[in-house]
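Letters A, B, ... mirror the listed sequences (proteins, then strands); counts begin at 1.
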Amino acid sequence: MSDNTRPVRVRFAPSPTGYLHVGGARTAFYNYLYARHMGGQFVLRIEDTDEARSTEESLRMQIGDLEWLGLTWDEGPDAKTLKDMGSHGPYRQSQRKEIYESYALKLIELGKAYYCFLTDAEIEEQRAASLKAGRPPQVDSPYRNWTVAQASERIAKGDKPVVRFKVTDEKRDYVLKDLVRGEVRFPSDMVGDFVLIRSTGMPVYNFCCVIDDHLMHITHVLRAEEHLSNTLRQMMIYEALGWDLPEFGHMSIILGPDKQKLSKRHGATSCFEYSQNGYLPEALLNFIALLGWSSPKAQEILSVADMIAQFSTDRLNPAAAVFDEQKLLWMNATHLRALPHRELWERVEPFLTKANLKLPGDWAWREQALEVFKTSMQTLKDAVELFRPLSREPVDVTAEGKEAMAWETSSKVVSKWKDLVAAHQSDFMTEAQFNEYQEKIKTECEVKGKQLFQPIRVAVIGKPQGAELKVLVPLLHKEILLERASQVLATN
RNA sequence: GUCCCCUUCGUCUAGAGGCCUAGGACAUCUCCCUUUCACGGAGAAGACACGAGUUCGAAUCUCGUAGGGGACGCCA
């Protein structure tokens, strides 16, 4: 076990084989929170030993997502240049091949690993036979006790072996003290001799992970539950090399609504999609943090600073959690409404720009508009449809809008409204002026309530429901108001 | 199949033997506010998977059963 006086060093070790999944984001976040809470370091390591699937593009995407989330790392590839920063590099496993190789050689020397020439077909045959006999499908390599000389001879002939770890014949339990799950016992015969180095010379995950965690002085490994059974192999490697184990904590996985591991078929699962759909990084973080962790103060809405202050591994929940989109939406809306208007505008603006909406540029107008609409927004993207009627383009009149316009007094109301707007002297109307006009329509057309408000609202935003007219109308330029009224009357 | 992990309202969770008639949040429903929509406020309904033990006492400890998940790769 690691000694507690050492500074805490944790790491997030994604493999660049696609976007950053929300599950990965949660793992990264817990590591980040722990590091920041303990005043330790957070390392980003890239596990790109799967040459076929790892891409530079994925790396950039994942780094971009981590940046969007605001999870900054102290060591690892620089977010912009991808050049290593920190004194424990390189941080990309593909650049550490010699290191792994030297340790593999050491294990072979120690008699704890060996070259194995079994082919895929032979292994498959063994698996099938074992399964049929009801035994665990483990390899039983005839090369297990070959001498290095024997193997070298064969290698010289051009055969490319893998390096396998020699699992002890002595049957015993490996005991893991997991930070999340407590004591977990693994029988040593749970695994067969496993591969350390592929025939291509590239090492595999379980091996790199141990070497890197040790060499990078990682003190705590917080990772997903799917790695729990890998831990046995890793413990064997630590033992063979005579190294101390770091602390491990295996957190539960995230499930979809059907209780299956959350995946693409459940919908949006990447951080990138959430950012594109108008979610706030702080809301996403708040939500995923609570999927498997709880605040000791029973807070539901927490800032990143709150979470750093309150985080501890002993409140990590071992049970799997279902990702509830509804609650995320609520949480997003809550964070969004708490934002100062200027900041909210900065976040909303890219979405409005993308939708090509031309809106007035002054801050007074913007703040007023946000004040009116923010209670209807759950995501930043929602602003687009809310703000669209405020831009200078014709609105689509909804079915309900047409219905309201079909009432017998509606045309009269809108005509009168149009006349009043046309006669209005300045570009914008004040709330008081609108109230005055409203009173005029009310008395002159002899309508009130629904019959009064809804047709006017349709003539303003194209639908009968929405924000109060007295706050809505002052946001629209007289010309737009006039065009809208004409448009609605014409299509009626 | 083997091994490992998990099991409190529909969902996220609080709960470390008596404070539990099981608390909170999302969602749902009702009411209030309100010209409408949303926001906000008040309330309702809703769970300890099952069975044995241990104990004066169990959601909490133990063991079984069931269900779910994960791993068993020259993926990570």
- Item | P-based separation of U8(B) from A45(B) [nearest Å] | 22 Å
- Task: Remember a base hit wins even if backbone is also touched, and classify Ala321(A) as base, sugar-phosphate or nothing at under 4.0 Å, heavy atoms.
- Result: sugar-phosphate
- Query: Given atom NZ of Lys470(A) and atom P of U34(B), what is their separation to the nearest angstrom?
  - Reply: 11 Å
- Query: Base, sugar-phosphate, or nothing: which does Gly449(A) touch, judged by heavy atoms less than 4.0 Å apart?
  - Reply: nothing
- OP1 or OP2 of C75(B) sitting under 4.0 Å from any side-chain N/O of Thr17(A)? no
- Mate of C61(B) where both pairing distances stay under 3.5 Å, Watson-Crick or G-U: G53(B)
- How far does the C1' atom of U60(B) sit from the matching atom of G23(B), given to the nearest Å? 15 Å
- When we call it a touch if two heavy atoms are under 4.0 Å apart, what does Gly292(A) touch: a base, just sugar-phosphate, or nothing? sugar-phosphate
- Query: For atom P, what is the distance between U11(B) and A44(B), given to the nearest Å?
  - Reply: 22 Å
- Message: Is a donor from one side chain sitting under 3.5 angstrom from an acceptor on the other, for Ser152(A) and Tyr115(A)?
- Response: no
- Answer yes or no: does a side-chain N or O of Arg315(A) lie under 4.0 Å from OP1 or OP2 of G15(B)? yes
- Would Arg315(A) and Ser294(A) count as having a side-chain donor-acceptor pair, cut-off 3.5 Å? yes
- Message: Mind checking if Glu468(A) touches a base, just sugar-phosphate, or nothing, with heavy atoms under 4.0 Å?
- Response: base
- Query: When the P atoms of U55(B) and A42(B) are considered, how many whole Å apart are they?
  - Reply: 47 Å
- Task: May I ask you to decide if the ring planes of Trp146(A) and Tyr143(A) are parallel, tilted or perpendicular, using 30° and 60° as cut-offs?
- Result: perpendicular
- Out of Phe351(A), Phe272(A), Tyr274(A), which one pairs with Tyr279(A) under the ring pair (Phe, Tyr, Trp, His ring centres under 6.0 Å) rule? Tyr274(A)
- With a 3.5 angstrom cut-off on both distances, give the Watson-Crick or G-U wobble partner of U7(B), or none if there isn't one. A66(B)
- Take atom CD of Gln465(A) and atom P of U35(B), then tell me their distance rounded to the nearest Å. 15 Å
- In whole Å, what separates the P atom of G40(B) from that of C6(B)? 38 Å
- Query: With respect to the side chain of Val322(A), which nucleotide from A76(B), C5(B), C12(B) is positioned closest?
  - Reply: C12(B)
- When rounded to the nearest 0.5 angstrom, what is the spacing between OG in Ser15(A) and CD in Gln62(A)? 6.5 Å
- Report yes if at least one side-chain N or O of Lys259(A) is closer than 4.0 Å to OP1 or OP2 of U7(B); otherwise report no. no
- Task: Look at Arg233(A) and A71(B) and indicate whether a side-chain polar atom (N or O) is within less than 4.0 Å of OP1 or OP2.
- Result: no
- Roughly how many Å is it from CZ in Arg53(A) to P in G73(B), rounded to a whole number? 16 Å
- What nucleotide, of G70(B), A76(B), C12(B), holds the atom closest to the side chain of Lys261(A)? G70(B)
- Item | Sugar-phosphate only, base, or nothing, as touched by Val204(A) at under 4.0 Å among non-hydrogen atoms | sugar-phosphate
- Query: Can you tell if the side chain of Cys209(A) reaches within under 4.5 Å of the side chain of Arg223(A), non-hydrogen atoms only?
  - Reply: yes
- Query: Taking the side chain of Ser229(A) as its heavy atoms from C-beta onward, which of U11(B), A76(B), G70(B) lies nearest to it?
  - Reply: G70(B)
- Task: Return the nearest nucleotide to the side chain of Asn317(A); candidates are U13(B), G70(B), G1(B).
- Result: U13(B)
- Does the side chain of Gln234(A) come under 3.5 Å of the side chain of Asn206(A) through a donor N or O and an acceptor N or O? yes
- Message: Counting the atoms with a prime plus P, OP1 and OP2 as sugar-phosphate, which does Ser199(A) contact under 4.0 Å by heavy atoms, base, sugar-phosphate, or nothing?
- Response: base
- Item | Gln93(A) CD to C75(B) P, straight-line distance once rounded to whole Å | 13 Å
- Query: Nearest of C4(B), G68(B), A76(B) to any side-chain atom of Gln260(A)?
  - Reply: G68(B)
- Message: Working to the nearest 0.5 angstrom, can you tell me the gap between Glu367(A) CD and Lys374(A) NZ?
- Response: 10.0 Å
- Task: Please report, rounded to the nearest Å, how far the P atom of A38(B) is from the CG atom of Asp382(A).
- Result: 14 Å
- Message: I'd like to know if the side chain of Ser94(A) pairs up with that of Asp48(A) as donor and acceptor (distance under 3.5 Å, no hydrogens or angles considered).
- Response: yes
- Note on the structure: Answer for the Watson-Crick or wobble partner of A22(B), both distances under 3.5 Å, is none
- Item | C1'-based separation of A16(B) from C72(B) [nearest Å] | 34 Å
- Task: Sort out for me which residue in Val163(A), Val204(A), Ile211(A) forms a side chain to side chain contact (heavy atoms under 4.5 Å, CB included) with Tyr100(A).
- Result: Ile211(A)
- In whole angstrom, what separates Asn230(A)'s CG from C5(B)'s C1'? 14 Å
- Message: Quick check for you: among A76(B), C12(B), G40(B), whose closest atom lies nearest to any side-chain atom of Arg337(A)?
- Response: G40(B)
- Taking only side-chain nitrogens and oxygens of Arg198(A), does any of them come within less than 4.0 Å of OP1 or OP2 of G73(B)? no
- Item | Out of U11(B), C75(B), C3(B), whichever nucleotide has its closest atom nearest the side chain of Asp50(A) | C75(B)
- Task: Indicate, with a heavy-atom threshold strictly under 4.0 Å, whether His250(A) touches base, sugar-phosphate, or nothing.
- Result: nothing
- Item | Pairing partner of U34(B) (Watson-Crick or G-U wobble, both distances under 3.5 Å) | none
- Query: What does Arg223(A) touch in the nucleic acid at a heavy-atom separation under 4.0 angstrom: a base, only the sugar-phosphate, or nothing?
  - Reply: nothing
- Start at the 5' end of RNA chain B and walk down; is the nucleotide closest to Pro318(A) or to Ile123(A) reached first? Pro318(A)
- Query: What is the base-pairing partner of C29(B), counting Watson-Crick and G-U wobble geometry with both distances under 3.5 Å?
  - Reply: G43(B)
- Rounded distance (Å) that lies between atom C1' of A76(B) and atom CE of Met202(A): 13 Å
- Let me know, please, whether Asp314(A) or Ile197(A) comes out on the 5' side of the other along RNA chain B by nearest nucleotide. Asp314(A)
- Message: For a quick check of understanding: with a heavy-atom distance under 4.0 Å over all strands, which category does Arg185(A) fall into, base, sugar-phosphate or nothing?
- Response: sugar-phosphate
- Which of C72(B), C3(B), C26(B) is nearest the side chain of Pro137(A)? It is C72(B)
- Measure the distance from CG on Leu262(A) to P on G69(B) and round it to the nearest whole Å. 14 Å
- Message: Counting only side-chain nitrogens and oxygens, does Ser294(A) get under 4.0 Å of the OP1 or OP2 atom of U13(B)?
- Response: no
- Item | Watson-Crick or G-U counterpart of A71(B), or none if no pair lies under 3.5 Å | U2(B)
- Message: Say we look at C63(B) and C4(B): how far apart would their P atoms be, to the nearest angstrom?
- Response: 13 Å
- Report which part of the nucleic acid Leu118(A) touches: base, sugar-phosphate, or nothing (heavy-atom distance under 4.0 Å, all strands). base
- With sugar-phosphate meaning primed atoms plus P, OP1 and OP2, does Val184(A) contact a base, only sugar-phosphate, or nothing at under 4.0 Å between heavy atoms? sugar-phosphate
- When rounded to the nearest Å, what value does the distance between C1' atoms of U62(B) and U54(B) take? 7 Å
- Task: State whether the aromatic ring of Phe453(A) stacks on the base of U35(B), taking stacking to mean ring centres under 5.5 Å apart and ring planes under 30° to each other.
- Result: yes
